[in-house]
Amino acid sequence: QTGGDIKSMLRTVFLSAEFAQAPPKLKRPITLMASALRALRADIRNRGIREIAQRLRWMGHIPFMWPMPDGYPDVANDWLNNLLPRWNFAFDLISGGFEQIDIDFDQLTEAAQVADVPGALRFFSRLTLGHALNTELLAQLEQHVGATDLSQDGVRQRVGEAIAALLASPEFQWM
């Protein structure tokens with residue numbers, strides 16, 4: 001009906017009621033890991049790919065091993081049984097649980113000119129989720145961190161825990 005006009009066809013699909021009411025999809029493990037690593041600008045050294053491959057195996061997403069012809073499942077129920085490894089990935093990524101993967105929080109916050117905890121939480125929510133946190137969640141994360149000055153002892157670890165919670169959140173895990 002569009003005479004080959006892809007833009008018109010996509011507009012029809014994206015504005016349809018079926019598309020608007022479609023249930024969200026849970027990210028496949030490889031998509032979850034790639035989006036987290038990319039969002040936090042991870043530095044992956046030498047054998048970091050092996051660490052990633054091991055985590056993918058724990059999540060049931062062994063690269064290149066799904067039998068043909070249908071590929072890896074594309075529905076949430078097939079990936080819901082691996083939530084704990086997903087959460088562990090998020091917390092290990094932030095806490096240094098990978099030998100060959102580093103996240104440089106200082107570089108990220110300095111580049112964004114973030115000087116306090118609320119600013120850091122807002123910055124990392126935009127970096128990971130793509131938008132600002134609602135005021136209730138921001139207040140809860142600020143309460144968890146328990147300080148406003150990023151330079152205080154232990155504050156960076158608690159900010160890291162808050163970032164890991166963002167990565168483990170349904171909002172980050174669902175597409």
Side-chain angles (χ1 to χ4, degrees), residues 24-63 76-175:
K25 290 187 175 273
L26 188 64
K27 290 179 183 177
R28 292 177 183 169
I30 198 161
T31 305
L32 169 76
M33 293 176 79
S35 58
L37 293 166
R38 186 177 299 138
L40 297 175
R41 294 167 176 84
D43 178 24
I44 303 171
R45 296 182 312 279
N46 301 329
R47 294 180 307 276
I49 298 300
R50 290 183 184 172
E51 290 181 306
I52 291 169
Q54 177 63 39
R55 294 302 176 106
L56 285 172
R57 282 190 286 282
W58 291 350
M59 292 182 201
H61 196 159
I62 302 168
N77 286 342
D78 290 325
W79 299 110
L80 282 174
N81 64 349
N82 66 11
L83 290 178
L84 183 58
R86 290 167 169 263
W87 298 336
N88 287 338
F89 164 75
F91 284 93
D92 288 347
L93 181 61
I94 300 302
S95 66
F98 289 91
E99 292 179 19
Q100 297 291 316
I101 301 173
D102 291 320
I103 310 294
D104 191 342
F105 292 107
D106 292 334
Q107 182 182 13
L108 288 170
T109 55
E110 285 173 17
Q113 300 178 346
V114 173
D116 59 359
V117 169
L121 293 173
R122 284 192 295 274
F123 168 72
F124 282 108
S125 73
R126 285 190 306 274
L127 200 60
T128 57
L129 303 177
H131 59 80
L133 294 171
N134 66 50
T135 54
E136 181 181 338
L137 183 55
L138 179 61
Q140 289 173 348
L141 292 175
E142 285 177 4
Q143 182 179 5
H144 169 74
V145 174
T148 57
D149 184 359
L150 274 174
S151 65
Q152 292 177 351
D153 290 338
V155 170
R156 184 173 27 206
Q157 177 184 342
R158 291 190 301 273
V159 168
E161 292 166 355
I163 297 164
L166 292 174
L167 294 175
S169 72
E171 195 167 357
F172 186 78
Q173 302 255 345
W174 291 92
M175 298 195 294

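The salt bridge (Lys or Arg N to Asp or Glu O under 4.0 Å) search around Arg45 returns Asp102, not counting sequence neighbours. Annotation: salt bridge (Lys or Arg N to Asp or Glu O under 4.0 Å) contacts of Asp92 (sequence neighbours excluded): Arg55.
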For a quick test of your reading: what N or O donor-acceptor pairs under 3.5 Å do the side chains of residues 161-175 make, sequence neighbours left out?
{"residue": "Glu161", "atom": "OE1", "partner": "His144", "partner atom": "NE2", "Å": "2.7"}
{"residue": "Glu161", "atom": "OE2", "partner": "Gln157", "partner atom": "NE2", "Å": "3.3"}
{"residue": "Ser169", "atom": "OG", "partner": "Leu166", "partner atom": "O", "Å": "2.6"}
{"residue": "Ser169", "atom": "OG", "partner": "Phe172", "partner atom": "N", "Å": "3.3"}
{"residue": "Glu171", "atom": "OE2", "partner": "His131", "partner atom": "NE2", "Å": "2.3"}
{"residue": "Gln173", "atom": "OE1", "partner": "Arg86", "partner atom": "NH1", "Å": "2.7"}
{"residue": "Gln173", "atom": "NE2", "partner": "Leu167", "partner atom": "O", "Å": "3.3"}

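One N or O on the side chain of Glu51 and one on the backbone of Glu99 form a donor-acceptor pair closer than 3.5 Å. Checking side-chain atoms of Asn82 against main-chain N and O of Pro85 turns up no donor-acceptor pair under 3.5 Å. For Thr31 (side chain) and Lys27 (main-chain N/O), no donor-acceptor pair under 3.5 Å exists by modelled atom type.
Using a 4.5 Å heavy-atom threshold, the side chains of Val159 and Val155 count as touching.
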Legend entry - side-chain contact (heavy atoms from CB on, under 4.5 Å) evaluation trace for Glu142 with Leu121: CA-CA 8 Å; Glu142 285 177 4; Leu121 293 173; 3.7 Å; yes
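Scanning all heavy atoms of the two residues, the minimum distance from Ser125 to Ala132 falls at OG-CA, 3.8 Å. Across all non-hydrogen atoms, the minimal contact from Leu141 to Leu133 is CD1-CD1, 3.6 Å.
Atom CD of Gln107 is surrounded by 12 or fewer heavy atoms from other residues, nucleotides or ligands within 6.0 Å. At most 12 non-hydrogen atoms from other residues, nucleotides or ligands lie less than 6.0 angstrom from CZ of Arg156.
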